[in-house]
Amino acid sequence: MERDMFSLRFSSERCRTAVPRLFICDVDRTLLTHSHVLLPTVSAAARSLHSVKLPLILASARSPVGLERVHADVGASDMVCCFNGAWIGAFSSRTALKEARLDRETALEAMTSVHDLGGSPIWFDLETCFVLESDEAVARRRTDVTGDRLQLISTPNGAPKAPFKLLGTFPEETIETSVSLLSSRFSGALTVAQSGPNLVELVAKGVQKDVAAAFIASEFGLGANDVAAAGDSDNDLGLLCWAGLAITVSNAKPHVQEVADIVAPSCDVGGMALAFEWVVASTSRARPV
C-alpha cells in the first residue's frame, strides 16, 4: 500500500504552534470504522491522551446510550456531547448541563415530512428511541449498531414529550435532495445536517457541535485556541472551523478535508491513532508533564 495511507497530511502552520488542552472528537467514521468497529490501535492511542493530561470529550450525533460501547474503551471524560449538542452532560449519571429539545409540533411535522420524502424517521428521547411500526426494520439496523433501546409506536403522536433529535434514514441516491428540501422547509425552526452516507439529523435551531464545543470549553475555562477537534462529516464542519486545531480523516468529504489542519488516514485503517499519537508527542514537547 502507498505510504499516504499510513501517514498524516499537514496543511496548516497552526500544527507547529498548537498546544491543545482539550480534545473534542466525533465518533462514527472518525473514531470508528465504516462498519462501526473501534480498532485496538485507536483505542490505545486515545487512552494515551491521559499521559499528557489531555481530556477527551466525545461529541456525537448519538445518544448517551449509543456511546456506551465506545466511551470506556477510549478513556473519554465523563462529560459528553450527544445529539450534536442537544444534550451535554455527565455520562455516568445522565445529569444534564445543557439541553435543547425540538418543539413537539415541529417535530411531528418533520417526522411526517421525512416519511413523505421516502425516509424512515426515528424519534430520540434521552434513553429510548421511538419508531413507527412500518419503519421497524430500518430502525433496528441502526439500533443494532448503537445499542439504543427501541420502542414501536403506531402513529407519530404515540411518541412522548418532545425529542432531542429526529434521525432520518434515506436511500443514498436521494440524501442530498432530501437534506436540501428539509433544510428549506424547516429553515428558522430546525438545524438539518447530514451525518452519514444515508443519515440526516434534525435538531432544534441553533444546536450545532461548534456551539456545544464552545460551551464545553468554557466549562474547562478554555477557549477555541485551546481545543483540538476531530470529525468527518457535515455536522462536524462548524466544529472543525471553530477549533484551534482541526483534524479529519481521509474518508471525510473533500470540503471537510479542506478546513482541516491535519488529515489522518481513513478510519478503516485506524487513522485517528496516528493523530492522537502526534498530539501526545507534540504536547509532550511543548509542555512536559
Side-chain angles (χ1 to χ4, degrees), residues 1-10 15 18-62 64-82 90-92 145-147 196 209 213 216 220 222 226-233 236 239-240 243-252 256-257 260-289:
M1 294 186 181
E2 295 182 4
R3 185 176 181 275
D4 283 351
M5 294 189 68
F6 299 101
S7 60
L8 299 175
R9 187 169 78 244
F10 299 91
C15 301
V19 186
R21 305 183 69 85
L22 183 68
F23 202 122
I24 299 178
C25 192
D26 177 48
V27 174
D28 290 287
R29 294 169 302 280
T30 301
L31 281 178
L32 307 184
T33 67
H34 282 88
S35 54
H36 311 288
V37 174
L38 177 64
L39 297 176
T41 53
V42 176
S43 175
R47 296 179 72 87
S48 73
L49 294 174
H50 291 294
S51 68
V52 289
K53 297 182 172 60
L54 192 60
L56 175 62
I57 304 290
L58 298 184
S60 175
R62 293 190 181 204
V65 175
L67 292 180
E68 288 176 353
R69 297 176 179 178
V70 180
H71 187 270
D73 288 343
V74 296
S77 297
D78 193 47
M79 187 187 296
V80 294
C81 166
C82 296
F91 177 77
S92 57
V145 167
T146 62
K209 284 191 181 181
I216 292 168
F220 285 84
L222 303 174
D226 301 308
V227 178
D232 75 294
S233 198
D236 300 306
L239 170 63
L240 296 180
L245 182 67
I247 301 169
T248 192
V249 280
S250 64
N251 51 278
V256 176
Q257 294 188 43
D261 302 302
I262 300 173
V263 179
S266 169
C267 64
D268 291 328
V269 296
M272 279 304 298
L274 291 182
F276 287 134
E277 290 166 359
W278 180 87
V279 168
V280 168
S282 177
T283 304
S284 295
R285 290 192 296 270
R287 51 179 179 89
V289 294

(message) Is there a side chain to side chain contact (heavy atoms under 4.5 Å, CB included) between D226 and L22? Walk through the geometry before answering.
(response) CA-CA 6 Å; D226 301 308; L22 183 68; 5.9 Å; no
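- Heavy-atom minimum distance, G270 versus V42: CA-CG2, 3.5 Å.
- A distance of 12.0 Å separates CG of L245 from CD1 of I24, quoted to the nearest 0.5 Å.
- Side-chain atoms of V256 and D236, non-hydrogen and from C-beta on, never get closer than 4.5 Å to each other.
- More than 12 heavy atoms of other shown residues, nucleotides or ligands fall within 6.0 angstrom of atom CZ in R29.
- Rounding to the nearest 0.5 angstrom, the gap separating the OG1 atom in T248 from the CZ atom in R9 is 9.5 Å.
- Formation of a donor-acceptor pair under 3.5 Å by the T33 side chain with backbone atoms of S35 is found in this model.
- Judged purely by atom type and a 3.5 angstrom limit, S43 has no side-chain atom pairing as donor or acceptor with the backbone of P40.
- Note that CG of L31 is 13.5 Å distant from NE2 of H36, once rounded to the nearest 0.5 Å.
- Taken from CG in D26 to CG in L239, the straight-line distance is 8.5 Å, to the nearest 0.5 Å.
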(message) For a side chain to side chain contact (heavy atoms under 4.5 Å, CB included) check, start with the C-alpha distance between I247 and F23, then their side-chain angles and the critical distance, and finish with the verdict.
(response) CA-CA 10 Å; I247 301 169; F23 202 122; 3.8 Å; yes
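- Under the 4.5 Å side-chain criterion, counting only non-hydrogen atoms from C-beta, F276 is not in contact with V74.
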(request) May I have the step-by-step check of side chain to side chain donor-acceptor pair (under 3.5 Å) for S92 and D78, ending in yes or no? (result) CA-CA 6 Å; S92 57; D78 193 47; 3.1 Å; yes
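- Taking every heavy atom of both residues into account, S266 and S250 meet most closely at N-OG, 2.9 Å.
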(request) Any chance you could lay out the side chain to side chain contact (heavy atoms under 4.5 Å, CB included) test for C267 and D232, step after step, and finish with the verdict? (result) CA-CA 9 Å; C267 64; D232 75 294; over 6 Å; no
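- A distance of 7.0 Å separates SG in C25 from CG in L58, rounded to the nearest 0.5 Å.
- To the nearest 0.5 Å, the span separating CD1 on I262 from SG on C15 amounts to 4.0 Å.
- When all heavy atoms of A46 and L56 are compared, the pair lying nearest together is CB-CD2, 4.1 Å.
- Residues E277 and T41 are not in side-chain contact: their nearest non-hydrogen atoms beyond the backbone lie 4.5 Å or more apart.
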(request) Evaluate the side chain to side chain contact (heavy atoms under 4.5 Å, CB included) criterion for residues L54 and V280: first the C-alpha distance (whole Å), next the side-chain angles of each, then the deciding distance (0.1 Å), finally the verdict. (result) CA-CA 8 Å; L54 192 60; V280 168; 6.0 Å; no
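- A pairwise comparison of heavy atoms in M272 and A230 identifies CE-CB, 3.7 Å as the closest pair.
- Using bins of under 30°, 30° to 60° and over 60° for the plane-to-plane angle, the ring pair H71/F91 lands in the parallel bin.
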